[in-house]
Protein chains: 2
Amino acid sequence: MTKHRSDETVTMQSVAVAAGVSPMTVSNTFRYPERVQEETRLRVLTIAAELGYVPNHAAGNLASGQSRVIGAVIPSIKNSSFYNYVRGMQDAVATQGYQLILKLADSLAQEAAAIRTFVGLRVAGIALVGDEHEQDARMLLRKTGVPVVESWVHETPFDMAVGYSTADATRALTQLLIDGGHRRIGFVGYDGDVSSRFTERLPTFRQTLEQAGLESNRIVLIDQADGFGAGPKALQALCTIDPDLDAILCPTDIVAAGVLFECGRRSWTVPDRLAVAGWGDYEIASEITPGITTIHPHAYDMGQQAMSLIIDRTTGKDQDKTLVDTGFHIVRRCSA
Amino acid sequence: MTKHRSDETVTMQSVAVAAGVSPMTVSNTFRYPERVQEETRLRVLTIAAELGYVPNHAAGNLASGQSRVIGAVIPSIKNSSFYNYVRGMQDAVATQGYQLILKLADSLAQEAAAIRTFVGLRVAGIALVGDEHEQDARMLLRKTGVPVVESWVHETPFDMAVGYSTADATRALTQLLIDGGHRRIGFVGYDGDVSSRFTERLPTFRQTLEQAGLESNRIVLIDQADGFGAGPKALQALCTIDPDLDAILCPTDIVAAGVLFECGRRSWTVPDRLAVAGWGDYEIASEITPGITTIHPHAYDMGQQAMSLIIDRTTGKDQDKTLVDTGFHIVRRCSA
DNA sequence: GCGGATTATTGTAGCGCTACAAAACACAAA
DNA sequence: TTTGTGTTTTGTAGCGCTACAATAATCCGC
């Protein structure tokens, strides 16, 4: 007894027979169309379409050792922060004939699992967010040598990286509050197992304040999972430290929006009673009243560049490009 | 010259040699651990870990014709609406040893492309959102026979489906507004290429109003891509039809939040001047003031059930289960 | 009309893994 | 010791595709 699958399976072989050519010609039609004469190519494509043939990526991957699928690990889709990033990635791979697949990971352990899956799939490259990864995952990536690009990372990449300087952005935003005449500025950060793109902000915040001769003790750390709800909590905690707090720097626009909601409940005017700064330029930042002053991180660009780095690496050009700075800009709205 | 890849590639063969067993024993260790004696299994696992071996999914897929990867197509990650859905899917597959990969698709064409990719990958099953798909994609799915589950779909599934009754939910929400004493109720819908889970609502809305002896002409259609910004636009348009509008039914909580922002700008009190109802129970619905009265769709459940349907199908049990109703409930907050 | 260069097509030999059946082994009963 | 039963391990033969080299077909100038 043979091991043939259901005879209805459409394989390259069956397309080849139906089109009266060899399997290799079918293969070339899909992978290197220019190698096949137009007439032949059209015939093959027609037959393939009729039969509903879809090349078996697993077999192709196995035979060639190559893949046109890139895997990206995304921390969360809870908020819109990664929307533009993913859109940039999708658009970039689409124009190059690659495919993007996503895995969500809320923790480093989940990220490591996602990386294992992608490695098992033998993807062409892996895009990660941030520069903190499990040791096992790092070793696996090193050993297999898959191209890896980290996003939201600005220096000393594991392999390649694309991002902007969190420190520069923090400094600019803090300075903006100082220049606005605020003196009692509070900082909201995340605690727990959190990416360095958040933890890096606090030292810069402190330093900027101290250089301006201001106190930098108005600091509170909250749980990353809280979303909007973190705003009221953080404001409450900061008011315990200083009831006369006059400005607040939030880790995301979502937290900032939460703070604005709470200001509404307290009948505090923004920015007169309290100036509020966010981060990320989420959609809500421009829609809420007052609009949130925030950091716009060029996430779409980041996604595009991340994919370009991987694709250029696999196609052999720009082997040495390893770090791309996509910059940021401050969006000045009414909240600060 | 042979076609061997870099000799550093860790294959099942190399693990087998290092562990002093046959390749099949290594294979069994990973796929059917209970078939291998504990001592042998441990030795193989240790060696595999040392070598950093990750089974080549492509090869396994090719040889067995089976896959433990399930593909899901998500319309968008712009808002949090699919967060719980994806979380439910992830949690469900994790406990069964499967893997979930995602593709984003903002249009039917992109969905079709995503389906092609998944079919090319020979995934174990495909999860889609909604019941509208390109004809080519439908044919491809039929021909290949992959298990397909549609979510947010309540009847006549393509293959399997999990969802809740949009009509029931619309009726309940509309009735709530009527019972609240509102008589001049407006409806905001989406126009253009939009899933039936939105378009189905309008007829039910109309019917419910007419049964209560009310006018049902306060209707406006907006662009789905607008997000928060759609709220102000829709309110503006409805006020042109009826300046004394006293309630509004929004397609999502995002639009409802946009309406609330606009009410704030106009100094309209909610719900006295205008009652606002949303849909989806997004995070913002509970955090904004006033809280948004909305439909909670049990998305987490939906995700879990969707994966269960696929996994049960591939493992051969519950072949006949084809439609799961996960229900909904109304979350009553202050906005209506 | 013919060598030589170019273009188009085709066998061959695996890629790394698994289904299946056969074989080896362990151990209790006869 | 032999037989039978159950458990553990191992060859064999592909899965569907592609790299590579070889062959076949076509074209050009002289």
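In the text below, chain A, chain B and the rest are named by the order of the sequence lines, each starting its count at 1.
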Query raised in the report: Base, sugar-phosphate, or nothing: which does F30(B) touch, judged by heavy atoms less than 4.0 Å apart?
Result: nothing

Query raised in the report: Between D106(B) and R87(A), is there a salt bridge with N-O shorter than 4.0 Å?
Result: no

Requested in this report: Answer yes or no: does a side-chain N or O of R31(B) lie under 4.0 Å from OP1 or OP2 of dT18(C)?
Outcome: yes

**Report entry** S64(B) side-chain N/O to dT18(C) phosphate OP1/OP2 under 4.0 Å
**Finding:** no

Query raised in the report: DNA chain C: E34(A) or P23(A), which has the more 5' nearest nucleotide?
Result: E34(A)

Report task. Check the side chains of Q99(A) and K103(B) for a donor-acceptor pair under 3.5 angstrom, ignoring hydrogens and angles. Result -> yes

Query raised in the report: If only side-chain N and O atoms of T40(B) are considered, is one of them under 4.0 Å from the OP1 or OP2 phosphate oxygen of dT9(D)?
Result: yes

Query raised in the report: Given dT9(C), is OP1 or OP2 found less than 4.0 Å from the side-chain N or O atoms of Q37(A)?
Result: yes

Report summary line: Nearest heavy-atom approach of E50(B) to K143(A) is O-NZ, 3.6 Å

Query raised in the report: Between dT10(D), dT9(C), dC17(D), which nucleotide has the shortest distance from any of its atoms to the side chain of A63(A)?
Result: dC17(D)

Query raised in the report: Are S27(B) and dC17(C) close enough that a side-chain N or O sits under 4.0 Å from OP1 or OP2?
Result: no

Report task. Please state how far atom CE in M24(A) lies from atom P in dA19(D), giving the value in whole angstrom units. Result -> 7 Å

Query raised in the report: What's the verdict on ring-ring contact (aromatic ring centres under 6.0 Å, His included) for F30(B) and Y53(B), showing C-alpha distance, side-chain angles and the deciding distance?
Result: CA-CA 11 Å; F30(B) 283 95; Y53(B) 171 68; 5.6 Å; yes

